[in-house]
2 protein chains.
Amino acid sequence: MSTLKDVAKRAGVSISTVSRALADNSHIGEKTKERIRQIADELEYSPNYIARSLKTKGSMTLAYLIPDIENLLYPSLAVAVEKQARALGYSLLLCNTFDDPDLMNKYVRQLQSRFVDGFLFSTSLRKGLNNEAITYLKSLNYPCVSLMRNSPDNTDSVIVDNTLGAEKAVDFLVAQGHREIVFIAGSDNLELYQERFAGYKKGLKKHSIPYSDELVWPGFKGTQRIVSQVAKEKIESGKCPKAIFCASDPLAIDLLKTLHDCKLSVPEQVSVIGFDNLRVSEIFYPSLTTIEQPFFEMGKAAVKLLVAQIENPNKRNEPNLIFETKVIVRESVKLSEVK
Amino acid sequence: MSTLKDVAKRAGVSISTVSRALADNSHIGEKTKERIRQIADELEYSPNYIARSLKTKGSMTLAYLIPDIENLLYPSLAVAVEKQARALGYSLLLCNTFDDPDLMNKYVRQLQSRFVDGFLFSTSLRKGLNNEAITYLKSLNYPCVSLMRNSPDNTDSVIVDNTLGAEKAVDFLVAQGHREIVFIAGSDNLELYQERFAGYKKGLKKHSIPYSDELVWPGFKGTQRIVSQVAKEKIESGKCPKAIFCASDPLAIDLLKTLHDCKLSVPEQVSVIGFDNLRVSEIFYPSLTTIEQPFFEMGKAAVKLLVAQIENPNKRNEPNLIFETKVIVRESVKLSEVK
DNA sequence: GTGCTCAATGCAATCGTTTGCATTACTGGA
DNA sequence: TCCAGTAATGCAAACGATTGCATTGAGCAC
């Protein structure tokens, strides 16, 4: 690895001249620049980003902290984030945190002192349990934005209108003639699941459908999905509704399999609607009718927000960017015939 | 952000003393150490990793270059790699490269000059097209290991015996009484798919089943999966075999859907076996019988190999670590009754 | 009291850049 | 011919840590 010094020696000029020549600084003569560039090429000079960062306190790098890379949601988001980051000249580092607060802390401190310019995170904020890593970043006034999660400390965030989305799901089912709608709930320490639950109840109310706790089946026990067992029990005890709204696509997919195992046909006997529109949801059969979150746009928006923070540290933007959901009609919901 | 200097000033000692005290160096008196630690705590000192790396030329960080994070294979590998890396005291950075040579080059140069200690990659080596980024790393004698891909320049690699795996798939189908076995091929510029194809042919031969090109259906056109169209055409023209061996699970999943759409029941009318054992393969219905690659162990082994390289730069290990596959019996292959 | 050892601490160079300021060299106008 | 003005270049101080070597001073044996 050759350094500026090596190039300078070979070119018979000072280090600063080389530095400026390669940065295409206007104070250096054209022929000198050309000669230096040539020598740098010959010596295969490549800048030491560490040294540069030490001086400039920046790195043109963003980090995206992912709670669980095996959750199908995040890879899609990561791709969107990566593409937009690159479009704006930044590199992206991905870190899988397993939602472990200690690990997040470690990553954040490490990356921050490596001059990562800003952070994106989709961390699952558990109720009550405040996230130390984020509080720390905010206390330093470090650029960061929360993606798919609303966040405390009024961090900028890019989210989806979960309540309205869930309401749309209910609207859609009702429009297809369903009035007996079971809700499979997400894990209850995630705010986004509570919002979807609220939207479900709101939807029922709007259509004057009486709500009862019986209508809600738990989809999670802690971080474990238990839809399959729950659904099996309910069905075996004869309580199978005509329509089921799942708080997320993974829940819906599990349910689809359970229904298949129970020899219930979808959508003829039971209609199922999900929430997310993961890429796999389309290839299941019946393909899943679901509520789409515009991942790609959201990822891009989050990066734009973050870069805006980095480049204008003083200016504050809107704290929350809220995206709209959309019903994606596929095969898992039986359509009303009159329609 | 306070620095060593700040702590030193407050403690009334020199910077070196602070540095040594915090590193628990034996040349520093116990009471001094204690006092310095206390002050460091008060000032919330946290080391500047950049500056440290500039000096030590290391960072206790590994990077894993992933070709396509949306491919279900890689998140699983990433988790294995991450866990093992952490167990050995290293952090892991993930980079999605879309298999773009320029992008890989950029990431490698950036990370390498940020003193990432070693690289893992699962890059899809296209035939002929040599990968510049890897050649570059090798020329620097930089620690790196290839995961799931055999690699040129005799880079250490952790791979699976694809040929034998494919042979096992054929063996299994034959043992279940199938002798008409179609192979759905992977994209032909990936060596691993060629090996699976070779294993398929070897398997046929072993059981004295005549091979013909008719038996091979293309699964890819470039990087695009085209199984669905191909299978549909073949089936509509009346050529539906009793058993199909897909070169990968994603192909098998696509096929399962196509068969479902064509109203062919699996495994009653057609048996399907895949290769990979992705996590989703289990939740499809019928659940997919497939050839398992031990992702988790492979990811761990790759990290161990890499760290061995980092810590003993001189010693050379075995260039290739070859793992064994295993048949995972689920529902998509009809079992022979006599068995 | 002198000399010696050894533990504790400080000095200063170093890593590879960037950058404000100083310096040099060249140009053209008077 | 001389000077001002500007373009081109170099010097040296940062950035924040690590570390070999020098220094200090206390303790101890003689």
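So you know, we letter chains A, B, ... as the sequences are listed, proteins then strands, and number each from 1.
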Fill in: First encountered from the 5' end of DNA chain C, between E30(B) and A51(B)
E30(B)
Fill in: Over all atoms of both residues, closest heavy-atom pair of A21(A) and I28(A)
N-CG1, 4.0 Å
Worksheet item: How do K55(B) and G12(B) order along DNA chain C: which one's closest nucleotide is nearer the 5' end?
Response: G12(B)
Item to complete: In whole angstrom, give the distance that lies between atom CG of N25(B) and atom P of dG20(D).
Response: 10 Å
Worksheet item: Among dA8(C), dC15(D), dT14(C), which nucleotide sits nearest the side chain of T32(B)?
Response: dA8(C)
Fill in: Residue T17(B), side-chain heavy atoms: nucleotide from dA8(D), dG10(C), dT19(C) that is nearest
dG10(C)
Worksheet item: Do the side chain of S16(A) and the base of dC11(D) come within less than 3.5 angstrom through a donor-acceptor pair of N or O atoms?
Response: yes
Practice prompt. Send over the distance from D6(B) CG to dC15(D) C1', rounded to a whole Å.
Written response: 13 Å
Item to complete: Provide, to the nearest angstrom, the distance between the CZ atom belonging to F115(B) and the C1' atom belonging to dT18(D).
Response: 13 Å
Worksheet entry | Closest listed nucleotide, where the reference is the side chain of R52(B) and the choices are dG16(C), dT18(D), dT18(C) | dT18(D)
Fill in: Any S19(A) side-chain nitrogen or oxygen under 4.0 Å from OP1 or OP2 of dG16(C)
no
Worksheet item: Of the candidate nucleotides dC15(C), dT9(D), dT18(C), which contains the atom at the shortest distance from the side chain of L54(B)?
Response: dC15(C)
Item to complete: State whether E34(A) and R37(A) are salt-bridged, where the test is any N-O pair (Lys NZ or Arg NE/NH1/NH2 against Asp/Glu carboxylate O) under 4.0 Å.
Response: yes
Worksheet, complete the sentence: Among the nucleotides dT18(D), dC15(D), dC21(C), whichever has the atom closest to the side chain of L4(B) is dT18(D)
Practice prompt. Among the candidates dA17(D), dC11(C), dT9(D), find the nucleotide nearest to the side-chain atoms of S14(B).
Written response: dC11(C)
Worksheet item: Which nucleotide, dG10(C), dG10(D), dA8(C), lies nearest any side-chain atom of V13(A)?
Response: dG10(D)
Worksheet item: Would you say the side chain of R114(B) and the base of dG16(C) hold a donor-acceptor pair, judged only by whether the two atoms sit under 3.5 Å apart?
Response: no
Worksheet item: Rounding to a whole Å, what distance do you find between I28(A):CD1 and dA25(C):P?
Response: 16 Å
Worksheet item: Phosphate oxygens OP1/OP2 of dT18(C): is one of them under 4.0 Å from a side-chain N or O of T56(A)?
Response: no
Item to complete: Name the closest nucleotide to the T3(A) side chain, picking from dT9(D), dT17(C), dA17(D).
Response: dT17(C)
Worksheet entry | Gap between atoms CG and C1', on D24(B) and dT18(D) respectively (whole Å) | 16 Å
Worksheet item: If we ignore angles and hydrogens, is there a donor and acceptor under 3.5 Å between the side chains of S113(A) and N48(B)?
Response: no
Worksheet item: Which of the following nucleotides, dC11(D), dA17(D), dC11(C), is nearest to the side chain of Y45(B)?
Response: dA17(D)
Fill in: F119(A): which of Y142(A), Y64(A), Y107(A) passes side-chain contact (heavy atoms from CB on, under 4.5 Å)
Y142(A)
Response to the item:
Rounded to whole Å, the NE2-P distance (H27(B) to dA22(D)) equals 15 Å
Worksheet item: Tell me: CD1 of I15(A) to P of dA8(D), nearest whole Å?
Response: 21 Å
Discussion item. It should be established whether S26(A) places a side-chain nitrogen or oxygen under 4.0 Å from OP1 or OP2 of nucleotide dA7(D).
Written reply: no
Discussion item. Does dG16(D) have OP1 or OP2 under 4.0 Å away from a side-chain N or O of K57(A)?
Written reply: yes
Worksheet item: Is it true that the side chains of S157(B) and T155(B) contain a donor and an acceptor less than 3.5 Å apart?
Response: no
Item to complete: Before accepting this row, confirm whether a basic side-chain N of the pair K33(B)/E30(B) lies closer than 4.0 Å to the acidic partner's carboxylate O.
Response: yes
Worksheet item: Between R20(B) and S46(B), which has a closest nucleotide on DNA chain D that is more 5'?
Response: S46(B)
Worksheet entry | L43(B) CG - dG16(D) P separation (whole Å) | 14 Å
